Enquirer: 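So that we are looking at the same thing, I have put the structure below in structure tokens.
What you see is a predicted model; the values in this text were computed from it and never measured. Basis for what follows: all heavy atoms, side chains included, without hydrogens, waters or symmetry-related copies. Below, chain A is the first sequence line, B the second, and so on; all start at residue 1.
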Protein chains: 2
Amino acid sequence: MDSEELRNAGLKVTTPRLKILTLLENSAERHMTAETIYRLLVEGGEVIGLATVYRALAQFEAAGLITRHHFDSGQTVYELERGPHHDHIVCIRCGRVEEFYDKVIEERQREIAASLGFTLSDHALTLYGQCNSADCPGRNG
Amino acid sequence: MDSEELRNAGLKVTTPRLKILTLLENSAERHMTAETIYRLLVEGGEVIGLATVYRALAQFEAAGLITRHHFDSGQTVYELERGPHHDHIVCIRCGRVEEFYDKVIEERQREIAASLGFTLSDHALTLYGQCNSADCPGRNG
DNA sequence: GCCTAAACGATAATGATTCTCAATATAGAT
DNA sequence: ATCTATATTGAGAATCATTATCGTTTAGGC
Ligand SMILES: [Mn+2]
Ligand SMILES: [Mn+2]
Ligand SMILES: [Zn+2]
Ligand SMILES: [Zn+2]
């Protein structure tokens, strides 16, 4: 139950938080902007404020429930933390996001940080390119 | 001469553009925000508008003279394009930025994109950690 | 030097995110 | 189950970064 997750995170169990968490769990698209989350909820008939969405997302992130990404669009994208770490490849035409994990890259990152005298705590790797999905516009050329 | 670079980029040689380009070339810090560039110029006694800085940076980027980065701060950071491609590691305490290039990572990225059916066109890799600089606050434990 | 399109600086407008505040709901204690 | 202290909410104002507008100035081909 989502209530458990909130309690474990030290957050009160409130209706808006449950709505947001449930949406993040059930949505097909795993990577969403705050505005998108808000819009989906409102379109689904829920009454909720945009500020509440931002607040909840910030709290979820602080609690480690979600992660935030800064793809090239500039807008912050949120993603429910489930499963192991991964990085992303984004289609510059249709915006589709695929996930991948590469042991070699992860290992090299640790070595690079160490060689530069840094204590590595995090990283962000995003590849950009054109996908081969049938739905991707402008394909074929 | 900077005038050459502007002409080669198909841009008119104007005083503001020269000021900005010169600053980017002479500044010790290679990675700067638009606001920082603007402030440095104004503090240096120049008369220039913030909008002009943004405009020039956008044009420089379109011409391939500079690149833009989205580190975790969210703010866009600009960097003069000189020398070969590289990625970055940012200190989460003092903000210091170091550069690196890793052949293995670059190669793996190409392989990953290909295996996922993407035509790779770009990528952004940033490592975050704590540096060992003497100036870095909060160091020591 | 003249002329016209491009560029400039100031400032208004926009888009994303955060803050403020009065009303409401939660969690714990009766 | 009810009460209470406090955290949370929703609406809208405020802020921050960035972009658009517009009247004035300037670059550069003739
Ligand atoms: Mn993901
Ligand atoms: Mn760099
Ligand atoms: Zn695509
Ligand atoms: Zn540091």
Enquirer: With a cut-off of less than 4.0 Å, is there a side-chain N or O of Tyr54(A) near OP1 or OP2 of dT17(C)?
Expert: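 Yes, within the criterion.
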Enquirer: Of the listed nucleotides (dT26(C), dT18(D), dA27(D)), which one gets closest to any side-chain atom of Thr14(B)?
Expert: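 It is dA27(D).
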Enquirer: Are Phe100(B) and Leu125(B) packed together at the side-chain level, in the sense that at least one heavy-atom pair is separated by less than 4.5 angstrom?
Expert: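 Yes, close enough: below the 4.5 Å cut-off.
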Enquirer: Could you state the atom-to-atom distance from CG of Leu21(B) to P of dA7(C) in whole Å?
Expert: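 In whole Å, dA7(C) P and Leu21(B) CG are 15 Å from each other.
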Enquirer: Side chain of Arg55(A), heavy atoms from C-beta onward: which of dC21(C), dT18(D), dA10(C) has the nearest atom to it?
Expert: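 Out of dC21(C), dT18(D), dA10(C), the nucleotide with an atom closest to Arg55(A)'s side chain is dC21(C).
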Enquirer: Show your working on ring-ring contact (aromatic ring centres under 6.0 Å, His included) between His88(A) and His123(B) and close with a plain yes or no.
Expert: CA-CA 10 Å; His88(A) 301 90; His123(B) 72 264; over 10 Å; no
Enquirer: From the list dG9(C), dG10(D), dG28(D), which nucleotide is the closest neighbour of the side chain of Pro16(A)?
Expert: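 Out of dG9(C), dG10(D), dG28(D), the nucleotide with an atom closest to Pro16(A)'s side chain is dG10(D).
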Enquirer: Could you give the OH-to-P distance, from Tyr38(B) to dA10(C), as a whole number of Å?
Expert: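 Distance, rounded to whole Å: 7 Å.
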Enquirer: Hey, does the side chain of Thr52(B) come within less than 4.0 Å of dA7(C)'s phosphate (OP1/OP2), counting only N and O?
Expert: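 Checking dA7(C) against Thr52(B), no side-chain N or O comes under 4.0 Å of OP1 or OP2.
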Enquirer: The side chain of Ile48(A) lies closest to which of these nucleotides: dT17(C), dG10(D), dA20(D)?
Expert: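 Among dT17(C), dG10(D), dA20(D), the one nearest the side chain of Ile48(A) is dG10(D).
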Enquirer: So do the side chains of His70(A) and Gln75(A) get within less than 4.5 Å of each other, counting heavy atoms only?
Expert: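 No, too far: nothing below the 4.5 Å cut-off.
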Enquirer: Roughly how many Å is it from NZ in Lys12(A) to C1' in dT8(D), rounded to a whole number?
Expert: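 Taking NZ of Lys12(A) and C1' of dT8(D), I get 7 Å after rounding.
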Enquirer: Compare the minimum distances between each of dG12(D), dA7(C), dA17(D) and the side chain of Arg17(B), then state the nucleotide with the smallest one.
Expert: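 The answer is dA7(C).
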Enquirer: Using whole Å, what does the distance between atom C1' of nucleotide dT9(D) and atom CG of Leu11(A) come to?
Expert: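 Result: 14 Å.
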Enquirer: List the steps, then state whether side-chain contact (heavy atoms from CB on, under 4.5 Å) holds for Leu11(B) with Glu5(B).
Expert: CA-CA 9 Å; Leu11(B) 297 170; Glu5(B) 293 195 59; over 6 Å; no
Enquirer: Given atom NE2 of His69(A) and atom P of dA16(C), what is their separation to the nearest angstrom?
Expert: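 Whole-Å distance recorded here is 19 Å.
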Enquirer: Let me know the distance between CD of Gln75(B) and P of dT18(C), rounded to the nearest Å.
Expert: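 Value for this atom pair: 13 Å.
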Enquirer: Separation of Ile20(A) atom CD1 from dT9(D) atom C1', in whole Å?
Expert: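 One finds 11 Å between C1' of dT9(D) and CD1 of Ile20(A), rounded.
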Enquirer: What's the CD-P distance between Gln59(A) and dT17(C), to the nearest Å?
Expert: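 These atoms are roughly 16 Å apart.
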Enquirer: Contact class for Thr76(B) (heavy atom, under 4.0 Å): base, sugar-phosphate, or nothing?
Expert: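 If one applies the 4.0 Å heavy-atom cut-off, Thr76(B) turns out to touch the sugar-phosphate alone, with no base involved.
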Enquirer: Carefully, step by step, assess Glu99(A) and Arg30(A) under the rule salt bridge (charged side-chain N to carboxylate O under 4.0 Å, His left out).
Expert: CA-CA 10 Å; Glu99(A) 307 179 334; Arg30(A) 296 166 46 79; 3.0 Å; yes
Enquirer: Of the listed nucleotides (dT26(C), dG10(D), dT21(D)), which one gets closest to any side-chain atom of Thr15(A)?
Expert: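 Taking heavy atoms from C-beta onward, the closest nucleotide is dT26(C).
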Enquirer: Touch check for Glu35(B), heavy atoms < 4.0 angstrom, all strands: base, sugar-phosphate only, or nothing?
Expert: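 Answer is nothing: Glu35(B) stays at 4.0 Å or more from every strand.
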